[in-house]
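Single-structure report; data block below.
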2 protein chains.
Amino acid sequence: MNSSKELLKGTLTTIILKLLSENKRMYGYELAQAVKERTKGKILIKEGSLYPALHKLEQKELIQCEKVNIGKRVRKYYHLTPKGKTQKEVAIDELKEFLNTMHQLITTQPLYGHTQ
Amino acid sequence: MNSSKELLKGTLTTIILKLLSENKRMYGYELAQAVKERTKGKILIKEGSLYPALHKLEQKELIQCEKVNIGKRVRKYYHLTPKGKTQKEVAIDELKEFLNTMHQLITTQPLYGHTQ
DNA sequence: ATTAATACATAGATTTACGATGCATTAAAA
DNA sequence: TTTTAATGCATCGTAAATCTATGTATTAAT
C-alpha cells in the first residue's frame, strides 16, 4: 500500500507537459531533477517511467526532440509542439478538477453523515 | 488520454476506507452511489473495480462484512476493522500530501522559470 | 583509481482499474 | 401485465501505467 507510487499514475505525462510549457526545452534527466526539487523529494520519477513516457509523447507528436552534443554525449532536448501546448492545457485542467474533486471527497463530511 | 480513469489509480481503496470511516457500515452498491453523489458524477466507481477492491481489503483484514437478508437478496455490509481505521488515517494523510504536492507542482512557477 | 553523478535506454513484472458479461431480485413504467 | 430500469452481487480477460533491474557510456569528484 505504498501509495505515492500508485497515486502517481496518470499524472506523469501531465507533469512533463507542464514543465516543458514553463521551460520550453528540457532533457530527460533535467525533468526528473526538476520534479524532485520542486516536490522536495516527494515525487521521484524513475528512468524506467520517464523515458518510455517521453517516447510515447513524441510518438503522439505532443513533444519533439533535438539532439545536442555535450562533449562526447548526446543530450535529447524536448520541447512542446503546438499540439502539445493545447494538450497541456487540457491535461492541466483535468488534473486540477480531479484534485479538487478528490480533495472534497476526503475532507467534506456528508450532510447526513455521522463520524463515529 | 482519458485521464479521469488513470488518475483514479491508487485512490480507490482510500476512498472506500474514508467512506466506511464516516458511515461505519455500507454495502458495495451504496459505496458506489455515495461516491457518485458526492463527486457530482465526476467519479464513477465501476463494479469491475469495486468488488475486487472490497475483497482485497477484506483479505487484508482492513474491512469485515456481515451478510444481511433483504427480502430474498443478500446484502453484504462492510465495516472497518481496528486495523482498517488505522490504515485509513495513513492512507488519507498520504493522499492529502500527494494532492498538496501535485497542486503545488502544477500551479507554482519556479523562481527562475519563464512562461513563454 | 574508484566512486558517484550524469544521461540515455529497454525488457519483464506488477499493479490497478475497466469493459464485458452473467445471474437474480425488485420497482417502475408502458 | 409485460417490459424496462434499477438494485446487488460477482468474475474473467484486457489495457495502461509505472517500477525494478539491468545495461552502456561519459564525466566529475574523492
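Lettering of chains follows the sequences in order, A, B, ..., and the numbering in each one begins at 1.
Of all heavy-atom pairs spanning A:I106 and B:L95, the tightest one is CG2-CD2, 3.9 Å.
Regarding contacts with the backbone of C:dA7, a side-chain N or O of A:Y27 is found under 4.0 angstrom from either OP1 or OP2. Considering only side-chain N and O atoms, A:K46 lies under 4.0 angstrom from the phosphate OP1 or OP2 of D:dT20. Distances shorter than 4.0 Å separate some side-chain N or O of A:K76 from OP1 or OP2 on C:dA9.
Between the side chain of A:T81 and the backbone N or O of A:E61, at least one donor-acceptor pair lies under 3.5 Å. Using a distance-only test at 3.5 Å, with no hydrogens or angles considered, a donor-acceptor pair links the side chain of B:H55 to the main chain of B:Y51. The backbone N or O of A:H79 lies less than 3.5 Å from no partner atom in the side chain of A:R25, so there is not a single donor-acceptor pair.
Counting to the nearest Å, the C1' atom of D:dA10 and the CG atom of B:L54 are 11 Å from each other. Rounded to a whole Å, the CD atom of A:E37 is 14 Å from the C1' atom of C:dT6. The separation between B:R73 atom CZ and C:dC23 atom P is 17 Å, rounded to whole Å. Spacing between atom OH of B:Y77 and atom C1' of D:dG8 amounts to 11 Å, rounded to whole angstrom units. To the nearest angstrom, P of D:dA16 lies 13 Å from CD of A:Q59. Summarising the geometry, the separation between CG on A:L50 and C1' on C:dT10 is reported as 13 Å, rounded to the nearest angstrom. Between the P atom of D:dT18 and the CZ atom of B:F98 lies a distance of 10 Å, rounded to the nearest Å. Distance B:I45 CD1 to C:dG19 P: 13 Å, rounded to the nearest Å.
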Please produce a list of atom pairs where a protein N or O lies less than 3.5 Å from an N or O of nucleotides 11-13 of chain D.
from: D:dT11; atom 1: OP2; to: B:H55; atom 2: ND1; distance (Å): 3.3

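Between A:L12 and B:Q33, the one whose closest nucleotide on DNA chain D sits nearer the 5' end is B:Q33.
Taking a cutoff of 4.0 Å between a charged side-chain nitrogen and a carboxylate oxygen, B:E22 and B:K18 qualify as a salt bridge.
Side-chain atoms of B:K72 and base atoms of C:dT26 include no donor and acceptor less than 3.5 Å apart.
Considering NZ of B:K96 and OG1 of A:T107, their distance stands at 7.0 Å, rounded to 0.5 Å.
Grouping the Ile, Leu, Val, Met, Phe, Trp and Tyr side chains by contacts below 4.5 angstrom, directly or via other members, places A:Y27 with A:V68.
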